[in-house]
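Everything below concerns the one structure shown next.
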Amino acid sequence: AFRGRGIANLLMQSAITAAKEKGVSYIDLTAKPEREEGNGLYEKFGFEKRNTSVYRLAFDYGKH
């Protein structure tokens with residue numbers, strides 16, 4: 001119901017502005033390749049796709 005209202009754009013711009021104001025050197029994020037809209041949004045804001053791998057070691061203690 002909230003898609004297409006520009007909320008993600010506003011959130012992304014706010015995060016970028018806050019990072020710059022605090023002197024952050026860079027922002028890294030991860031996104032699944034199949035999330036085309038999200039990836040397009042990140043590229044729109046100037047994020048560059050990097051050739052990297054993300055690894056996770058998860059422990060299942062019965063919590064979901």
I'd like to know if Ile16 and Leu10 are part of one continuous hydrophobic network [Ile/Leu/Val/Met/Phe/Trp/Tyr, side-chain heavy atoms within less than 4.5 Å]. no

Where Tyr26 and Val24 come nearest, the two heavy atoms and their spacing: O-CG1, 3.1 Å

So, the side chain of Thr17 versus the backbone of Gln13: is there a donor-acceptor pair under 3.5 Å, distance only? yes

Return each pair, listed once, that meets side-chain hydrogen bond (donor to acceptor under 3.5 Å, both in side chains) where at least one residue sits in residues 31-42; pairs must be two or more places apart or across chains. Arg3-Glu37

What do the steps show when you test Asn9 against Phe45 for side-chain contact (heavy atoms from CB on, under 4.5 Å), and what is the final call? CA-CA 9 Å; Asn9 283 302; Phe45 277 96; 3.5 Å; yes

Nearest 0.5 angstrom please: Thr30 OG1 to Arg56 CZ, how far? 8.5 Å

Quick one: do Ile27 and Met12 end up in the same hydrophobic cluster if we chain Ile, Leu, Val, Met, Phe, Trp and Tyr together by side-chain heavy atoms under 4.5 Å apart? yes

If you measure from CD on Glu48 to CZ on Arg50, what distance do you get to the nearest 0.5 Å? 9.5 Å

